[in-house]
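Values reported hereafter were calculated over all heavy atoms of this structure, with side chains retained and with hydrogens, waters and symmetry mates removed. This chain uses plain numbering: 1 for the first residue, then up along the sequence. When a ligand or atom number is given, it counts from 1 through the structure's own listing order.
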Amino acid sequence: MVIQWFPGHMAKARREVSEQLKKVDVVFEIVDARIPESSRNPMMEDIIKHKPKVLILNKSDLAERDKTKQWIRHYESQGIIAIEIDSIHSQITSAIEQAAKRATTNIFERNEKKGIHKETIRALILGIPNVGKSTVINTLAKKGAAKTGNKPGVTKAQQWINVGKSLQLLDTPGILWPKFEREDIGLKLSLTGAIKDDIIHLDEVAIFALNYLIEHKYETLCEHYKIDFDRDGEVIDYFDQIGIKRGMKMKGNEINYELVIETIIRDVRNKKFGPITLELPNDELSDN
Ligand code: G4P
């Protein structure tokens, strides 16, 4: 999905999400486990206000396990309910249902005291594009849930998916814009595929990827391209070496840098260097 976010689009997204929020008890904010802070919408708290929230670190299969645990501890220490999921390869229904219960216990207890009895928790999935919102919804819908929307008075836009025994999920996710304010955030969003390849120069993304790999995955990098890179050498020389080794040449024997760049980025996204986490809680991050 290619969305160029202009102020008008942001205002519209915000309005639509505000409408969706009126229908639910809890928000599932989905982020990419490889970049949990950089893949959050900058105004999320402002938009959802005091609505209970569960932060879902999705794509945990692509992130480093111990670092994801570190993130979860970090969020929980801030009073944020956070869980990790891999919405493609594993069962997620019970983790999501449990987290929703945890997030809404206080509200439901308060309601009970006021004589308001509700058995079902209603939830909305929210996040920036490409973090896996639709995948989560589809996985939950397939795993044991019939849609409840075909009832009189329930319009198509308000379909609910039953998740487990106590949760109903709005079948349309809320889509918000990504952060734009810092260059490294843009590079991380691009490298993980959250923003499209024409927004940030791919050569910068590939250099960012190589610097990360040299620092964190040096042996795997050498092994994957079967090159003994000079650790202290110029990153730009790595492009030449990969191009030569892989025979990525154009007419006149020039190295096809575009192809080298695409290859590096694709290899990172396809887990050729194993799971990667591009940021940690103690890294300096903007906002939020
Ligand atoms: P969105 O609704 O938030 O925009 O995201 P969507 O579900 O469309 O997912 C974006 C991409 O991320 C999809 O890949 C999807 O398969 C992948 N994805 C979602 N959840 C997970 C997960 O838990 N693990 C892994 N490994 N991948 C996940 P795609 O269709 O190939 O799209 P793209 O990669 O070409 O953008």
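Here is the list of ligand 1 atoms found below 4.0 Å of a heavy atom in L62: 26 (N). The atoms of ligand 1 that sit less than 4.0 Å from any heavy atom of K133 are 1 (P), 2 (O), 3 (O), 4 (O), 5 (O), 7 (O). Which parts of ligand 1 touch T135 is read off a 4.0 Å heavy-atom cut-off, strictly below it: atoms 6 (P), 7 (O), 9 (O), 15 (C), 19 (C), 20 (N). The distance from ligand 1 to the heavy atoms of S87 drops below 4.0 Å at these ligand atoms: 20 (N), 21 (C), 22 (C), 23 (O). Close contacts between ligand 1 and I88 involve ligand atoms 16 (O), 18 (N), 21 (C), 22 (C), 23 (O), 25 (C), 27 (N), 28 (C) [criterion: under 4.0 Å to a heavy atom]. Against a heavy-atom cut-off of under 4.0 Å, D86 is close to the following atoms of ligand 1: 22 (C), 23 (O), 24 (N).
Looking at ligand 1, you won't find any N or O of H89 less than 3.5 Å from one of its N or O atoms. Residue G193 has no nitrogen or oxygen atom sitting less than 3.5 Å from a nitrogen or oxygen atom of ligand 1, judged on distance alone. Residue G132 has at least one nitrogen or oxygen atom sitting less than 3.5 Å from a nitrogen or oxygen atom of ligand 1, judged on distance alone. Below 3.5 Å of separation, one finds an N or O of K59 facing an N or O of ligand 1.
We find that K51 and E45 are not joined by a salt bridge, their nearest charged nitrogen and carboxylate oxygen being 4.0 Å or further apart. E19 has a carboxylate O that lies under 4.0 Å from a charged side-chain N of K22, or vice versa, which qualifies the two as a salt bridge.
The shortest distance between side-chain heavy atoms of R266 and R269 does not fall below 4.5 Å. Between S166 and E97, the closest side-chain pair of non-hydrogen atoms falls below 4.5 Å.
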Tell me which donor-acceptor pairs under 3.5 Å the side chains of residues 205-219 have, and how far apart each pair is, sequence neighbours excluded?
{"from": "N211", "atom 1": "ND2", "to": "I207", "atom 2": "O", "distance (Å)": "3.4"}
{"from": "Y212", "atom 1": "OH", "to": "E64", "atom 2": "OE2", "distance (Å)": "3.1"}
{"from": "Y212", "atom 1": "OH", "to": "T277", "atom 2": "O", "distance (Å)": "3.1"}
{"from": "K217", "atom 1": "NZ", "to": "F273", "atom 2": "O", "distance (Å)": "3.4"}
{"from": "K217", "atom 1": "NZ", "to": "P275", "atom 2": "O", "distance (Å)": "2.8"}
{"from": "Y218", "atom 1": "OH", "to": "F229", "atom 2": "O", "distance (Å)": "2.2"}

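The side chain to side chain contact (heavy atoms under 4.5 Å, CB included) search around S60 returns E84, D86, not counting sequence neighbours.
Under the 4.5 Å side-chain heavy-atom criterion for Ile, Leu, Val, Met, Phe, Trp and Tyr, I236 and M248 are members of the same hydrophobic cluster.
Residues D230 and Y238 have side chains that never bring a donor and an acceptor to within less than 3.5 angstrom of each other.
Residue contacts with ligand 1 for I30 are absent, since no atom lies close enough (heavy atoms, distance under 4.0 Å).
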